[in-house]
Structure formats: C-alpha cells, structure tokens
Undergrad: 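Please read through the structure below; I'll follow up with questions.
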There are 2 protein chains.
Amino acid sequence: MRADAQRNRERILDAAEEVFARHGAAASTEEVARRAGVAIGTVFRHFPAKDDLLTAILKRLLARLAEDAAALGGADGLHTFFTRLVARAAARRTVVGLAGVDVPEAVGRLGDAVGELLRQAQAAGTVRRDVQRPEVMALLVSVCQGALHGGWDEDLQARTLAVVFAGLAA
Amino acid sequence: MRADAQRNRERILDAAEEVFARHGAAASTEEVARRAGVAIGTVFRHFPAKDDLLTAILKRLLARLAEDAAALGGADGLHTFFTRLVARAAARRTVVGLAGVDVPEAVGRLGDAVGELLRQAQAAGTVRRDVQRPEVMALLVSVCQGALHGGWDEDLQARTLAVVFAGLAA
DNA sequence: TAATATAGTGAGTCTGGACTCATTTTGCTA
DNA sequence: TAGCAAAATGAGTCCAGACTCACTATATTA
C-alpha cells in the first residue's frame, strides 16, 4: 500500500469518527470527506460502502477499549474502566451501538478484557462472586448509551455509577 | 374534527408505532401509510412533517407509561414497573430515545410518576434513602436502551436488574 | 336531500446523499 | 528521471424517500 493511501485511510477514519460521533450514523459521507480533506471518491476507494466505514470505525474503537481494559487490573480496575468509559461517552458522542453493524471478534476481545477485570475485582473481594460477565457487559453498554443520549453531567454520572457499583459490591 | 379523520389519525399512530418500532425511525412514511391503509397524503395531512409523527408517537407512549406507573405503588411498585418496562423494551423494539425529538411535559409526567414510586419504595424501606430521582430515571432509560439494542434474553434481563436493585436496596 | 367544508387520494416534484468513472496526479522502482 | 501502476479527483448518475397539490369523495348540517 502506497504511503499516501495509508495516510489518507487514517485521516478518513479519524474524520469519520468525529463526524459520526457528532451527528450520528446518518451524517453524510460528503461531510466525512470534507473534514478529512480528501475528495469523496477517495473515501469510497477505501471503503466501498458507507457500512464498511462504520464497521471499520467500530472495530478500531473496540480494539482501543480492549487495550485500555487490558492495561488496567487489581481491585479497582473494573471500577476505573467503567467510570472512564461512561465519562468519555457523556463527553463526546462516541459511536456506540451502530444498528446492524456487528464485529464479533472485536466485541469478543473487549468482553475478554472486561471479564478479566471482573475476575480480579472478585479475587480482591471488591465485587460479589455470583455476578457474571454478561450482566456486567450489559450494564456497561446500557449506562454508556444512557450517558451518551442523555448528556448526563458529572454529578449524575457519579450518582448513577454509585448505584451500579453498590449493586456489584460484595 | 370529522369522525373519519379521528379514526384515521389513530390508525396512523398505531401503524407508525409498529413500523418505527420494527425498522427504526428511518423507516419510510410510505410504509406507515400502507400499514395504516391510507394514502400517503393523508399521513401528511395529519402530521405535516415526519418529525411531527415521531413526536406524536413518543408523546402517546410516554403518556401510557406514566399512566402505568401511576397505577402502581407500594414497596414493590418501582421494582415491578422497572422490570415490566425492560421486558417490554427487549421484546418489541419500542420507540425509545428518538434523537432530536423531545417532549418535555410528557417526560416530566413520567418522571413524576416514577418519583412517586421511588418515594413509596423508600417509605417501605425497600430502597435506600439517599437515592434520588435523576439517577433512577437515568438507570431506567439506560437499561431499557441496553435491552432494546442488545436483544437480551429473559435470564440476562433478570441478572442485570438484580444488580441494579441490589444497588438501590436499603 | 342539497350545500359545503372537511378529509382523502396518489401521481408527481424535488432534494439529499450514496455511489461511479473518465481523467489527472503522485509515489515508487529501475 | 522515465515509466507506470496505484491513488486521488469531483462532476455526474441514480434513487429513495419526504413532501405537494389538483382533484375526488364523504361526513355533517340546515
């Protein structure tokens, strides 16, 4: 792959993340191209259909989250990850839950990373032992979506997470 | 308002609720008209813009929920309402959180009804006293959205709600 | 039942946005 | 630096879907 192609691909992904985050998945490809500083044809060269672009963004996003999660650990790892994620979702409208787009492996890796945080929290006695991965993931996604669409302020984030963590606590 | 107009208005709202619930807010007005058994012009006579239709549905939905909530009460009222709502969201894709559409009064009334359930649950000693309305609403919306998009099965719904209610418990 | 305002109809207009492709530009290699 | 394949360009095509309106049908009322 030529160097300019590589560079433009990254630029397009960055621009798309920004644009779709701000205006939702209905934002136009034209807008993405403009923000990336390339012609619309270039976007379609890299991502033949709009869906491919959405999928690519989501994949990258999930990969980054999994990395973040993997870098944490200990008694408060889960708590830290959860809190950080919600704050991020509330602040910028990160692309979450794009209807119809699914990227099983990427979701799987994130799930594994969160599962590991859960295991450590349980080992440290921070979280009840009968709690399982699926409901932790479910809560994570739910609260992020809530914060995302609801535009929660910091106080509401804190209060809501406090309830969730009281529920998880040993 | 003429009798046929009244009848068609209801039909259109029912059809729209069904269609948007199934295919999301991006579904076409044509489809709504077809399901309602009226011409597309009729839909636009009642609701000049698509947004008006979406708003009307949301208003009706929120009003119904507020009614449901108002009919409950006692120590387990909040729990019952919460559980019922999540199950409903997971089953049919009820229209929730339509971007850009807001109907302050309707949301307000639902909030009041939920607030009353919270008050009663606290009076009965089912829920901690330091929990406040905003975070309860936030959790409600979040979990519904999660269930909606995630297509949770009954088991996952139960486990997730168990964590939330453990967090709320006195 | 006649008069008429109100409501319904659906072919047609118009627009935004996804996607194409002939042409031009550019990075790479020999 | 010449040659060329890879990449970029952006005007143009195409279509779905929101919305219109001239006309027809019907509920209501006197």
Undergrad: With a 4.0 Å cutoff (strictly under), does any side-chain N or O of Thr42(A) reach OP1 or OP2 of dA7(D)?
TA: no

Undergrad: Respond yes when some side-chain nitrogen or oxygen of Thr29(A) is under 4.0 Å from OP1 or OP2 of dG17(C), and no when none is.
TA: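 It does not, given that no N or O in the side chain of Thr29(A) lies less than 4.0 Å from OP1 or OP2 of dG17(C).
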
Undergrad: Just to be sure I understand the rule, does Ala36(A) reach a base, reach only the sugar-phosphate, or reach nothing, if contact means heavy atoms closer than 4.0 Å?
TA: nothing

Undergrad: Is there, by distance only and without an angle test, a donor paired with an acceptor across the side chain of Arg2(B) and the base of dA7(C) below 3.5 Å?
TA: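 It does not, because no donor-acceptor pair links the side chain of Arg2(B) to the base of dA7(C) below 3.5 Å.
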
Undergrad: Just how far, in rounded Å, is P of dA6(D) from CD of Gln6(A)?
TA: 16 Å

Undergrad: Is there a side-chain polar atom (N or O) of His46(A) under 4.0 Å from OP1 or OP2 of dA7(D)?
TA: no

Undergrad: On DNA chain D, does the nearest nucleotide to Ile40(A) precede the nearest nucleotide to Arg45(B) from the 5' side, or the other way round? Give the residue.
TA: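 Closest to the 5' end, via its nearest nucleotide, is Ile40(A).
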
Undergrad: Rounding to an integer number of Å, can you tell me how far Leu54(A) CG sits from dG17(C) C1'?
TA: 14 Å

Undergrad: Nearest whole angstrom, please: distance from the P of dA5(D) to the CG of Asp4(A).
TA: 17 Å

Undergrad: Starting the side chain at C-beta, find the nucleotide from dA8(D), dT28(D), dA18(D) nearest to Lys50(B).
TA: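 Ranking dA8(D), dT28(D), dA18(D) by closest atom to the Lys50(B) side chain puts dA18(D) first.
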
Undergrad: Mind checking Ala33(B) for me? I need base, sugar-phosphate or nothing, with any heavy atom below 4.0 Å counting as a touch.
TA: nothing

Undergrad: Which distance, rounded to the nearest 0.5 Å, do you find between the CD of Glu135(A) and the CG of Leu140(A)?
TA: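 With rounding to 0.5 Å, CD (Glu135(A)) is 12.5 Å from CG (Leu140(A)).
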
Undergrad: Which nucleotide in the list dA18(D), dG10(D), dA27(D) gets nearest to the side chain of Ser28(B)?
TA: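 Of the options given, the side chain of Ser28(B) lies nearest dA18(D).
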
Undergrad: Considering heavy-atom distances to DNA chain D, does Ala26(B) or Gly41(A) have its closest nucleotide positioned more toward the 5' end?
TA: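 Whichever sits nearer the 5' end wins; that is Gly41(A).
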
Undergrad: Do Val32(A) and Phe44(A) share a hydrophobic cluster (ILVMFWY, side-chain heavy atoms under 4.5 Å, transitive)?
TA: no

Undergrad: Could you work out which one of dG10(D), dT28(D), dG10(C) sits closest to the side chain of Ala39(A)?
TA: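 So the nucleotide nearest the side chain must be dG10(D).
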
Undergrad: Tell me yes or no: between the side chains of Glu10(A) and Gln6(A), is some donor less than 3.5 Å from an acceptor?
TA: no

Undergrad: Between dA5(C), dG10(C), dC19(C), which nucleotide has the shortest distance from any of its atoms to the side chain of Phe44(A)?
TA: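 The listed nucleotide nearest to Phe44(A)'s side chain is dC19(C).
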
Undergrad: Within the side chain of Arg11(A), is there an N or O that forms a donor-acceptor pair under 3.5 Å with the backbone of Ala33(A)?
TA: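 No; zero donor-acceptor contacts below 3.5 Å.
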
Undergrad: Counting just side-chain N and O atoms, does Asn8(A) come under 4.0 Å of either OP1 or OP2 of dA8(D)?
TA: yes

Undergrad: Rounded to the nearest 0.5 Å, what separates atom CG in Leu62(B) from atom CD1 in Ile57(B)?
TA: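 Here the interatomic distance stands at 11.5 Å.
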
